[in-house]
Every structure is written in structure tokens, then in C-alpha cells.
Novice: 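Let me begin by handing over the structure; questions about it come next.
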Amino acid sequence: FENVSFSHKGRDLLLEGVDLTIEKGKVTAIVGGSGAGKTTIINLILGLFQPTGGKITVDGIPLQEIKRDSWLSKVGFVSQEPFTYHSTVANNISLGGTGHSTESIVESAHIANAHEFISAMPDGYESITGERGMKLSGGQQQRIAIARAVLDKPQILMFDEATSSLDTLSEKIVQDAIISVSADRTVIIVAHRLSTVRHADKIIVID
């Protein structure tokens, strides 16, 4: 980000004069209070918003010059409220896609610290999660979301407040999963509390 500003539909600036560098293979955390602009930065990185001023580059190339599909194929994303639909655990990890082997789904679950609880379910990976994941805890749903995010081996992983709605125990388990999947990847973590990102290589505070 080089002197990036952003306003939505001509309204007051949500971001002004933001300079930051996210380094390859490092864990970068973005923290700050509600409304500070953390999620706006995520949306700018994803290309969902375009900066009002300044520029965003990837390896020196302006982000808007990179094809959207090509860019998003390199990114795995986990939100605060993961989407879980009424199907098997395996289908929730692969989003119903037929191009993933059972082995790759299980490997992703291992990386996300989800394999143990999935294996303990009555039908393992063929267990039905229920509507909106009602048969799973919040922490279990998040670990399935993390397994989904790493399934296609993205170069960049983004977590937007991924633990903020969890209880303390679930939060710790999901934090451990995030640390597990961070090896050898560029990771961006948006968090409300500084305590949840102490393992990061760089912490950026948005005021």
C-alpha cells in the first residue's frame, strides 16, 4: 500500500494515507478498534474495492492490472462467520467440488487441526453437518473453514476476525490451527484483540 486512501461512494474517507508492506512468507496482523478500517483494507487487497487515492501493488505490479480470477485463485479467505451448508463434512471442505481427492481433503483437515474431531463423528468425513452447521460447534465450523481455505494450496491466507465470536477454549484451538497453516505462506490476520496475534511477525495498528 502506497499512500492509499479510500472513501465509499464519495462519502467521508474511511482510510487516509495508508502505507504498509505485507511481506511474502510472513504473518502480518492488522489490529484496531471497530470502524478503524481493518476490513476495508482486506476488501482492497481482495480487489473488491478500488483505492480512492494512492496505489496497491503486488511485486511491483498494480493490483488492478492483475486479472481478478488469477489473483483470487492465490488467496484463501476465512471470515468471522464461516458458511456451512447442509451436507457432508467432506463436501463442506471442498464446497461440493469433484476435483478434490479424499486424500487432499483429509490432508487439509490435518493442517487445520480438524481431522481429529471429524474422525470422531459417527460417519467421519461423510457425517452431515446440519443446516448452517448446527451439529458443529463454532470452533469446529471455523476449522472446517480453514481446511477449505487451504485445500487449493493458496499462496496467501487471510483471516478476518476469525476468532472474535468464539469462546476462550475454541478461540485457542482455532488460533493453533491458524498458526499451523501459516507455515511457508503469506498470512494476513485481522483481529480486534492484540492478544490473539502475538505470534505474528508484524503487527500493524490502525487508528
Side-chain angles (χ1 to χ4, degrees), residues 1 4 6-8 12-16 18 20-23 26-49 51 56 63 71-72 74-85 92-93 95 108-109 111-114 117 129 132-134 136-152 154-183 185-207:
F1 279 53
V4 169
F6 177 77
S7 63
H8 189 61
D12 293 341
L13 286 172
L14 296 174
L15 296 174
E16 184 174 11
V18 174
L20 66 90
T21 301
I22 294 169
E23 297 172 61
K26 302 286 187 179
V27 177
T28 300
I30 303 172
V31 300
S34 297
K38 303 184 300 297
T39 297
T40 300
I41 288 175
I42 291 293
N43 287 328
L44 286 165
I45 294 171
L46 289 171
L48 300 178
F49 296 163
I56 302 170
L63 183 56
W71 174 240
L72 292 181
K74 295 174 172 59
V75 178
F77 181 77
V78 180
S79 67
Q80 180 177 346
E81 297 182 5
F83 175 74
T84 309
Y85 65 99
N92 269 283
I93 293 174
L95 284 179
S108 296
I111 294 171
N113 290 352
F117 85 77
T129 59
R132 298 186 179 181
M134 62 181 295
L136 302 171
S137 70
Q140 289 171 338
Q141 290 187 62
Q142 277 295 37
R143 280 179 281 165
I144 285 178
I146 293 170
R148 179 190 299 155
V150 302
L151 182 59
D152 289 322
Q155 296 178 34
I156 301 165
L157 282 174
M158 303 175 71
F159 299 91
D160 189 4
E161 301 274 15
T163 66
S164 63
S165 62
L166 302 178
D167 60 69
T168 304
L169 178 58
S170 296
E171 180 182 65
K172 175 64 169 62
I173 293 171
V174 172
Q175 280 177 13
D176 289 344
I178 291 172
I179 292 170
S180 174
V181 302
S182 297
R185 289 189 174 92
T186 303
V187 178
I188 303 165
I189 303 174
V190 169
H192 210 66
R193 296 186 297 276
L194 192 61
S195 61
T196 63
V197 292
R198 286 178 174 167
H199 66 284
D201 297 298
K202 179 192 288 185
I203 298 175
I204 296 166
V205 180
I206 303 296
D207 184 14

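In what follows, residues are counted from 1 in the order of the sequence shown.
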Novice: Does the side chain of I41 come within less than 4.5 Å of F1's, by heavy atoms?
Specialist: yes

Novice: How many angstroms lie between atom CG of L13 and atom OG of S7, to the nearest 0.5 angstrom?
Specialist: 5.5 Å

Novice: Mind telling me whether F83 and Y85 have parallel, tilted or perpendicular rings, with 30° and 60° as the class edges?
Specialist: parallel

Novice: Just verifying a value: how many Å separate L20 CG and I204 CD1, rounded to the nearest 0.5 Å?
Specialist: 4.5 Å

Novice: Please answer whether the main-chain N or O of T21 pairs with a side-chain N or O of K202 as donor and acceptor at a distance below 3.5 Å.
Specialist: yes

Novice: About how many Å separate CZ of F159 and CD1 of I146, when rounded to the nearest 0.5 Å?
Specialist: 5.0 Å

Novice: Could you measure the distance from the CG atom of D160 to the CG atom of L46? Nearest 0.5 Å is fine.
Specialist: 9.0 Å

Novice: Strictly distance-based, threshold 3.5 Å: is any side-chain N or O of D201 a donor or acceptor partner for the main-chain N or O of V27?
Specialist: yes

Novice: Is it true that a side-chain atom of R143 and a backbone atom of N113 form a donor plus acceptor pair closer than 3.5 Å?
Specialist: yes

Novice: Can a donor-acceptor pair be found, under 3.5 Å and without considering hydrogens, that links the side chain of K38 to the backbone of V205?
Specialist: no

Novice: Rounded to the nearest 0.5 Å, what separation is found between the OG1 atom of T186 and the NZ atom of K26?
Specialist: 10.5 Å

Novice: Is there a side-chain contact between V31 and V197 in this structure, where contact means two heavy atoms from C-beta onward sitting under 4.5 Å apart?
Specialist: yes

Novice: Is the shortest heavy-atom distance from the side chain of I188 to the side chain of L157 under 4.5 Å?
Specialist: no

Novice: Under the 3.5 angstrom rule, does the side chain of Q141 hit a backbone N or O of G138 as a donor-acceptor pair?
Specialist: no

Novice: Please determine whether side chain to side chain contact (heavy atoms under 4.5 Å, CB included) holds for the pair I45 and M158, giving the CA-CA distance in whole Å, both sets of side-chain angles, and the decisive distance to 0.1 Å.
Specialist: CA-CA 10 Å; I45 294 171; M158 303 175 71; 3.9 Å; yes

Novice: I'd like to know whether I189 forms a side chain to side chain contact (heavy atoms under 4.5 Å, CB included) with I30, so could you lay out the CA-CA distance, the side-chain angles of the two residues, the decisive distance to 0.1 Å, and finally the verdict.
Specialist: CA-CA 6 Å; I189 303 174; I30 303 172; over 6 Å; no

Novice: How close do P154 and R185 get, heavy atom to heavy atom, and via which atoms?
Specialist: O-NE, 3.3 Å

Novice: For a quick test of reading the model, state the closest non-hydrogen atom pair linking I93 to A109 and the distance between them.
Specialist: CD1-CB, 4.4 Å

Novice: Verify side chain to side chain contact (heavy atoms under 4.5 Å, CB included) between T84 and I144, making sure each step is shown before the conclusion.
Specialist: CA-CA 9 Å; T84 309; I144 285 178; 5.6 Å; no

Novice: Could you measure the distance from the CG atom of L95 to the CG atom of L151? Nearest 0.5 Å is fine.
Specialist: 8.5 Å

Novice: Quick one, H8 and L14 - any side-chain contact, counting heavy atoms below 4.5 Å?
Specialist: yes

Novice: Answer yes or no: is there a donor N or O on one side and an acceptor on the other, between the side chain of R148 and the main chain of N92, under 3.5 Å?
Specialist: yes

Novice: Identify the two heavy atoms, one from S108 and one from A147, that lie closest to each other, and give their separation to 0.1 Å.
Specialist: CB-O, 3.4 Å

Novice: What are the two closest heavy atoms between I206 and A36, and how far apart are they?
Specialist: CG2-O, 3.2 Å

Novice: What pair of heavy atoms forms the shortest contact from P51 to L44, and how long is it?
Specialist: N-CD2, 3.6 Å

Novice: Kindly say whether S79 contributes a backbone atom to a donor-acceptor pair with the side chain of Q142 at under 3.5 angstrom?
Specialist: yes

Novice: Could you check whether the rings of F49 and F6 sit parallel, tilted or perpendicular, using 30° and 60° as the cut-offs?
Specialist: parallel

